[in-house]
Each structure stands twice: as structure tokens, then as C-alpha cells.
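FYI, the numbering just counts along the sequence from 1.
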Amino acid sequence: MSSQKKLLKRFAKENGLTNTRYYVDDGYTGTNFERPGFQKMIEDIDLGYISTVIVKDLSRLGRRYDMVGYYMDTYFPDRDIRFIAVNDNIDSDEGESEIAPFKNVLNEFYARDISKKCRSSYHIRGSTGEPLAPPPYGYIKSPDNPKKWVIDPEAAQIVRDIFKMALEGKSNETIARILQERKVLIPMAYWQEKGIRKGGKVTQPNKYKWCKTTVTKCKLNNPNHPINSAKIIEIWYNKCKENG
């Protein structure tokens, strides 16, 4: 990302383009045109703040042939926006590019190929029993093998208590209230206290305030029966066969 910024900054400086701003969508697929940085750029274009759009290459604008074509052939020209793809030697001020449509097709094919390979990789990993996500509440990564989950005794006991209360007929709201009265840490606060790295952050100011949604999720984390996506798919497939 930093190298792309350096390239664009140098190009803008060498071509007298000033008052620049970066629109970044790190972590989003190029086939998604609802990504926040892109949508902010479109908003600023519609407000009249932008006269030139510069990207490293066409794939940075997007990886969908139809949408990239729309923005290059219709949206930008209708708003008198100059479009430049530095590494592809495309500049709308120099006329229509004959190579751009072919590059857009190749970029879309690349995105599809990567998506297919990722799905295949996940299927292979899942079929061998390897978890495809961080361990849920009630489990931790094994110290001996980070690709294996083991039961976290302290959190697992809370999950068992939740199951026990559910079997007694208590509602999720009642279970949440009981956990709060017992001052049981909510999962995110528990992970932070234990130094377990997880995505996200504590948005609930009361670290003991359980909600019914969290209780529902914990019911899926039976510490006695770890499960991964491959097993879920197998169960679903077998159910389909049973039901014809």
C-alpha cells in the first residue's frame, strides 16, 4: 500500500497535480464497488471536489469488467473527470484506450480465479478437520499446535452453565441477567483480560452486561463437541439426503 501511495504521489507531483487525497480500501475485494473508500470518492466527485482520479493500474479501480467499463466510459466522462491508470499508460485526456477493455476482462478473470482457489483451499483445510476461524468462546488455540483447538476450562465452564440453565427452561434474557448478576465477563472482555488476541474491541461499557445474542452464540460452542465448517457441511448434506 505504501509503495502505491509513493508511486501516485510522485506521478501527481511530476504532472503538476496538486491538492491530492488518498482513498484507500485495504482488505476489500476489487469486485466490491460498495467498499467505503471507493464510495467516499464517488461522493466527493458528486460534490464537485475532484477533477482527476489516479490509480496505479485498472485493477485498483475494480475487478469487474462491467462496472469498471461504466465508470471509465460513462460516469467519469459525464462529470468531466480525468482518469489516469499510471502503470497501464491510460489517460482519458489522451483519448479512448483500446487496450483497457481487455485489461478489465483479465482483471475480472484474475479475481474469479483467486476466489475459486481460496474456496478450494478452505474446503481442503476444512475436510482435514482444521478450523477455518479463530476459536470461539470456550476454546483456545493449542499451545502445541495453533491449528488445533483445545478447551479453555474457565470459559468452557460458563458455556456449560449456559447449557444447564437452558435445559432448566430459562430464556436467553434470563440467562444473560444471571450471568451479569454473577459478574461474569462478556467474551470480548474475558479475552482481553486473558491477553488473547481477537479482532474487534469492547463496545459495551459494562464488561459484565451480557445480551441474549451473546448467550445464543455461546449455545453453539458446546465444549464437548468441537465442530468446524467441514463438519457442518457434512451434517447439512446428510440431512438433505435423509429428506430426499
For [X] against [Y], the heavy-atom pair lying closest together:
X: C211; Y: A176; result: C-CB, 4.0 Å
X: K5; Y: Y22; result: O-OH, 3.2 Å
X: I84; Y: T52; result: CD1-CG2, 4.1 Å
X: C218; Y: V159; result: O-CG1, 3.5 Å

What distance do [X] atom [atom1] and [Y] atom [atom2] have between them, rounded to the nearest 0.5 Å?
X: R63; Y: T29; atom1: CZ; atom2: OG1; answer: 8.0 Å
X: K6; Y: Q4; atom1: NZ; atom2: CD; answer: 12.5 Å
X: L8; Y: K13; atom1: CG; atom2: NZ; answer: 15.0 Å
X: R82; Y: I50; atom1: CZ; atom2: CD1; answer: 14.5 Å

Is there a donor-acceptor pair under 3.5 Å between the side chain of [X] and the backbone N or O of [Y]?
X: D25; Y: G37; value: yes
X: T216; Y: K212; value: yes
X: R10; Y: L7; value: no
X: D57; Y: A85; value: no
X: N15; Y: L17; value: no

Steps toward side-chain contact (heavy atoms from CB on, under 4.5 Å) verdict (E168, K164): CA-CA 6 Å; E168 292 170 352; K164 182 180 178 181; 3.5 Å; yes

Would you say V68 ends up clustered with Y28 if hydrophobic residues are merged whenever their side chains have heavy atoms under 4.5 Å apart, either directly or through other cluster members? no

Intermediate values then yes/no, side-chain contact (heavy atoms from CB on, under 4.5 Å), K207 and L185: CA-CA 6 Å; K207 59 184 180 180; L185 291 170; 3.6 Å; yes

Does [X] pair with [Y] as a salt bridge, N-O distance under 4.0 Å?
X: D46; Y: R79; value: yes
X: D152; Y: K194; value: no
X: R177; Y: E173; value: no

Run I158 and E154 through side-chain contact (heavy atoms from CB on, under 4.5 Å) and show every step you take. CA-CA 7 Å; I158 301 302; E154 186 174 345; 5.8 Å; no

Mark yes when over 12 heavy atoms from residues, nucleotides or ligands other than D78 sit less than 6.0 Å from its CG; otherwise mark no. yes

Just checking D80: does its CG atom have more than 12 heavy atoms from other residues, nucleotides or ligands closer to it than 6.0 angstrom? no

Audit row: L61, F38, side-chain contact (heavy atoms from CB on, under 4.5 Å) steps and yes/no: CA-CA 8 Å; L61 182 63; F38 183 83; 3.8 Å; yes

For K141, salt bridge (Lys or Arg N to Asp or Glu O under 4.0 Å) partners two or more places apart: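 Checked K141 against salt bridge (Lys or Arg N to Asp or Glu O under 4.0 Å); zero matches.
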
Answer whether the closest heavy-atom distance between the side chains of Y208 and V184 falls below 4.5 Å.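 Side chain of Y208 against side chain of V184, heavy atoms only: no contact under 4.5 Å found.
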
Parallel, tilted or perpendicular for W191 and Y137, by the 30°/60° rule? perpendicular

Between Y70 and F33, does the ring centroid distance fall short of 6.0 Å?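 No, the ring of Y70 stays outside the 6.0 Å limit from the ring of F33, centre to centre.
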
Charged tip of K40 within 45° of Y23 ring normal and under 6.0 Å: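 No; the conditions do not both hold, so K40 does not lie above the ring face of Y23.
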
